Amino acid sequence: MAEEKLPTRAEDFAEWYNQLVIKADLADYAPVRGCMVVKPYGWALWENITSWLDAEFKKTGHVNAAFPTLIPLSFFEKEKEHVEGFSPQLAVVTHGGGEELEEKLAVRPTSETIIGYMYSKWIKSWRDLPVLIVQWGSVLRWEIRTKLFLRTAEFYWHEGHTAHASADEAMEEMYRILDTYEEFCLNEAAIPVFKGPKSESEKFPGAQITTSIEAMMWDKRALQSGTSHYFGQNFAKAFDIKYLDRNNALQYCETTSWAISSRIIGAIIMVHGDDQGLVLPPRLAPIQAVIVPIYRNEAEKAKVMEVADRVFQELKDAGIRLKMDDRDNVSSGFKFNDWEMRGVPVRVEIGPKDVEKGSVALARRDRPGREGKSFVSQDGLAATVNSLLAEIQTSLLQRATEYRDANIHEPKDYEDLKRIVQDGWAFAYWCESTECETKVKEDTKATTRNIPVNQPDQEGMCIVCGRPSKRKVYFARAY
RNA sequence: CGGGGCGUAGCGCAGCCCGGCAGCGCGCUUGCUUUGGGAGCAAGAAGUCCCGGGUUCGAAUCCCGGCGCCCCGACCA
């Protein structure tokens with residue numbers, strides 16, 4: 001239950017976040033180091049995220065399957081960059097049934113290896129391609145520093161793994177999924193993102209190309225919110241994934257993988273949340289509207305509840321995800337604050353005065369306090385609430401986009417870049433060399449986020465070294 | 001791995017220096033009054049004082065050893 005106030009975001013953003021996750025009832029700390037328990041309210045939010053994505057993947061021919069949590073440790077040795085990238089983060093099972101295991105088993109940190117192994121058994125002919133499989137589940141990475149949702153040892157996600165006959169087709173798949181991720185962020189989560197390839201040094205271990213979507217949090221730090229990778233034939237060669245083409249020639253597959261994790265919940269919190277607590281976009285909110293009946297005695301209660309029950313049924317019939325807060329042991333004021341903490345988009349208050357006047361009070365979560373309150377007729381309330389939900393969804397995206405764009409600057413020179421990334425993002429030409437990227441990181445802690453697609457066909461000079469450059473990149477401090 | 005802090009009721013903490021009935025606030029339970037922006041009063045329940053050993057008539061407190069957690073820095077979705 002929510003109690004007491006949060007620190008404001010300006011006072012202590014990290015502490016604001018930590019307390020909010022607990023007080024909004026999304027998750028709790030587990031007894032295992034670095035792990036979280038996702039509570040029912042947080043999981044309901046996650047289910048709304050996953051059900052949209054799942055439906056979208058299925059539209060483009062993807063199917064779901066499940067692979068084991070445990071992976072033979074030797075599998076990780078097969079791809080050089082992959083083993084280097086993930087070895088430090090592996091949890092390893094050494095005993096089973098009281099006996100020491102002959103071969104140690106890793107708890108999956110990601111499933112390219114075991115899925116690659118299976119694909120090599122399943123794929124024989126060009127007729128078997130493409131293979132488009134998604135796994136929903138959790139993975140485990142032994143993280144040093146953890147934070148609920150943003151970086152926990154175990155986290156939830158989907159991982160898509162696809163195999164194709166040609167590089168073009170695999171690249172197309174990578175970008176198709178990236179588009180789906182962008183669409184999800186914009187339309188469902190109301191979070192604007194930039195999409196495009198990552199730099200060499202920021203690539204996924206084993207990938208030829210890693211693309212990402214990048215979002216700006218309230219504190220102006222960047223959060224990589226989804227990734228889509230093109231592996232070329234790296235994993236196909238490591239796991240011997242081959243098929244006979246139409247000319248009876250043996251070919252290696254081209255593979256991809258891609259993921260959005262429960263981290264996206266952290267993004268929703270840090271993009272939309274305010275000093276009152278969580279603010280959820282209506283399309284993802286587990287509870288879109290809450291009804292708070294207000295009364296002073298039994299006689300009033302009877303009258304108010306009659307209206308409240310009728311309104312509840314009307315809104316429910318209109319398909320609104322709804323909650324009646326009929327708790328008798330807390331005051332109305334407490335309830336207001338409680339539901340604001342949990343980010344419910346619309347609150348419907350019904351008291352004795354409303355019963356008299358045929359009205360209700362509507363409070364919209366994206367505008368806290370008196371400003372967001374209005375008194376509307378009980379007639380046609382379902383339509384009123386539905387249009388308000390749509391308006392909140394739109395205005396959250398608009399507000400987040402304006403905020404982001406106001407905090408991205410194009411540096412005049414390197415000194416300017418160093419200043420900008422202290423409190424915002426810099427968008428600048430970059431020669432795509434690791435040296436320049438590393439220099440920025442050492443000087444400022446900012447990293448390259450991605451090279452956004454759809455850039456104008458112009459040339460410039462690398463902001464660091466001055467060499468000619470064709471593409472601009474975002475520099476930002478990241479989570 | 002380097003630096004700092006902490007471990008006492010569900011949560012947040014005081015008590016420790018200077019050994020002597022285990023406390024405070026919040027939360028929880030019950031009752032009454034309350035309810036349009038975080039209600040009040042009353043009565044209750046709730047403890048392996050992180051673990052192990054030692055000193056002592058007596059240890060939350062002193063000594064030795066261990067474990068765990070959090071925060072800040074280099075790596076990561």
Side-chain angles (χ1 to χ4, degrees), chain A residues 1-6 12 14-15 18-19 22-23 28-34 84-90 109-110 138-147 149-159 181 198 201-205 207 210 212-215 222-229 257-267 276-277 292-298 300-301 304 325-341 347-357 359-363 368-370 372-373 375 441-442 445 447 449 478-479:
Chain A
M1 187 181 292
E3 77 283 339
E4 299 302 312
K5 282 184 176 157
L6 294 169
D12 187 345
E15 188 57 22
N18 287 339
Q19 290 191 22
I22 301 298
K23 289 179 175 170
D28 201 353
Y29 293 96
V32 180
R33 196 198 84 95
E84 284 172 8
F86 282 105
S87 288
Q89 293 190 291
L90 290 182
T110 179
S138 68
V139 290
L140 189 75
R141 299 178 187 179
W142 213 259
E143 297 288 350
I144 298 168
R145 263 168 66 57
T146 61
K147 201 173 172 79
F149 289 115
L150 283 185
R151 185 176 299 103
T152 44
E154 184 182 24
F155 60 90
Y156 299 88
W157 72 352
H158 65 266
E159 42 180 328
Y181 287 170
K198 305 280 282 185
S201 67
E202 296 277 332
K203 275 187 339 190
F204 178 84
T210 285
S212 74
I213 49 171
E214 301 282 335
L223 186 75
Q224 178 171 305
S225 304
T227 48
S228 185
H229 316 289
S257 84
W258 27 272
I260 279 184
S261 76
S262 42
R263 162 181 260 198
I264 196 73
I265 292 175
Q276 303 300 311
V292 180
I294 297 156
Y295 44 80
R296 280 181 299 249
N297 52 49
E298 284 302 315
E300 281 185 357
K301 179 178 181 180
V304 166
D325 189 352
D326 53 7
R327 285 178 290 179
D328 247 350
N329 59 330
V330 291
S331 68
S332 308
F334 182 92
K335 291 178 183 179
F336 298 164
N337 286 287
D338 195 27
W339 293 111
E340 280 168 11
M341 184 70 80
R347 186 176 66 243
V348 182
E349 302 168 20
I350 304 175
K353 288 180 226 162
D354 298 299
V355 174
E356 297 298 320
K357 291 193 265 183
S359 64
V360 304
L362 280 191
R370 184 149 295 172
K373 255 193 197 186
F375 293 87
K441 188 172 182 180
E442 282 171 358
K445 292 182 186 166
T447 51
R449 300 322 304 159
Y479 276 98

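Because the structure is predicted, anything quoted here is derived from the model rather than measured. Lettering follows sequence order; numbering is per chain, from 1.
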Look at the side chain of Y295(A) and decide which nucleotide, out of rC76(B), rG37(B), rU35(B), has an atom nearest to it. rU35(B)
Measure from CD on E300(A) to P on rU34(B) and round the result to the nearest Å. 11 Å
Consider the side chain of F334(A), meaning its heavy atoms from C-beta on, and name the nucleotide among rC75(B), rU35(B), rG38(B) that approaches it most closely. rG38(B)
Round to the nearest Å and state the distance from K198(A) atom NZ to rC76(B) atom P. 11 Å
Looking at CD of Q89(A) and OG1 of T110(A), how far apart are the two atoms once the value is rounded to the nearest 0.5 Å? 11.0 Å
For Q224(A), answer base if it contacts any base atom (sugar-phosphate contacts may also be present), sugar-phosphate if it contacts only those atoms, and nothing otherwise; contact means non-hydrogen atoms under 4.0 Å. sugar-phosphate
Hey, is D326(A) close enough to K301(A) for a salt bridge, meaning N to O under 4.0 Å? no
Distance below 4.0 Å between K147(A) side-chain N/O and rC71(B) OP1 or OP2: no
Closest-nucleotide 5' rank along RNA chain B - winner of K353(A) and G85(A): K353(A)
What integer number of Å spans the P atoms of rC69(B) and rU55(B)? 32 Å
Whole-Å distance between rG27(B) P and R327(A) CZ? 14 Å
So does R141(A) reach the base of rC76(B) with its side chain, donor to acceptor, closer than 3.5 Å? no
Between rG23(B) and rC67(B), how far apart are the P atoms? Round to whole Å, please. 33 Å
Interatomic distance where CD belongs to Q19(A) and C1' belongs to rC26(B) [whole Å]: 14 Å
Residue K441(A), side-chain atoms from C-beta onward, closest of rC75(B), rU35(B), rG36(B): rC75(B)
Verify the ring-centre separation between F149(A) and Y156(A): is it less than 6.0 angstrom? no
Let's test this: given Watson-Crick or G-U wobble pairing with both distances under 3.5 Å, identify the partner of rA22(B). none
P-based separation of rC16(B) from rU34(B) [nearest Å]: 45 Å
Value in whole Å for how far the P atom of rG36(B) lies from CG of N297(A): 13 Å
What is the base-pairing partner of rC76(B), counting Watson-Crick and G-U wobble geometry with both distances under 3.5 Å? none
Can you tell me the pairing partner of rC67(B) across any strand shown, Watson-Crick or G-U wobble, with both distances under 3.5 angstrom? rG7(B)
Given rG36(B), rA74(B), rA39(B), which nucleotide is nearest the side-chain atoms of S331(A)? rA39(B)
Residue S332(A), side-chain atoms from C-beta onward, closest of rG36(B), rA74(B), rG37(B): rG36(B)
With the side chain of E143(A) defined as its heavy atoms from C-beta on, choose the nearest nucleotide among rC76(B), rU35(B), rG38(B). rC76(B)
Determine which nucleotide pairs with rG37(B), using a 3.5 Å limit on both distances of a Watson-Crick or G-U wobble pair. none
Between Y295(A) and K353(A), is there a cation-pi geometry (under 6.0 Å to ring centre, at most 45° from the normal)? no
Starting from P on rC72(B), measure out to CG on D12(A) and report it in whole angstrom. 9 Å
Using a 6.0 Å cut-off, check whether atom NZ of K357(A) has over 12 heavy atoms from anything other than its own residue. no
Assuming nearest nucleotide by heavy-atom distance, tell me which of E202(A) and R370(A) is located more 5' along RNA chain B. R370(A)
Are R347(A) and E340(A) ion-paired here, with the side-chain N under 4.0 Å from a carboxylate O? yes
Whole angstroms only, please: what is the CG-C1' distance between D354(A) and rG36(B)? 8 Å
How far does the C1' atom of rC57(B) sit from the matching atom of rG40(B), given to the nearest Å? 49 Å
Roughly how many Å is it from CG in N18(A) to P in rG12(B), rounded to a whole number? 13 Å
Hey, is the side chain of K373(A) pairing donor to acceptor with the base of rG37(B) inside 3.5 Å? yes
Rounding to the closest angstrom, what is the interatomic distance between rC1(B) and rG66(B) at atom P? 15 Å
Do Q224(A) and S212(A) have side-chain atoms, one donor and one acceptor, less than 3.5 Å apart? no
Pairing partner of rC16(B) (Watson-Crick or G-U wobble, both distances under 3.5 Å): none
Which one is paired to rG44(B), where only Watson-Crick or G-U wobble pairs with both distances under 3.5 angstrom count? rC28(B)
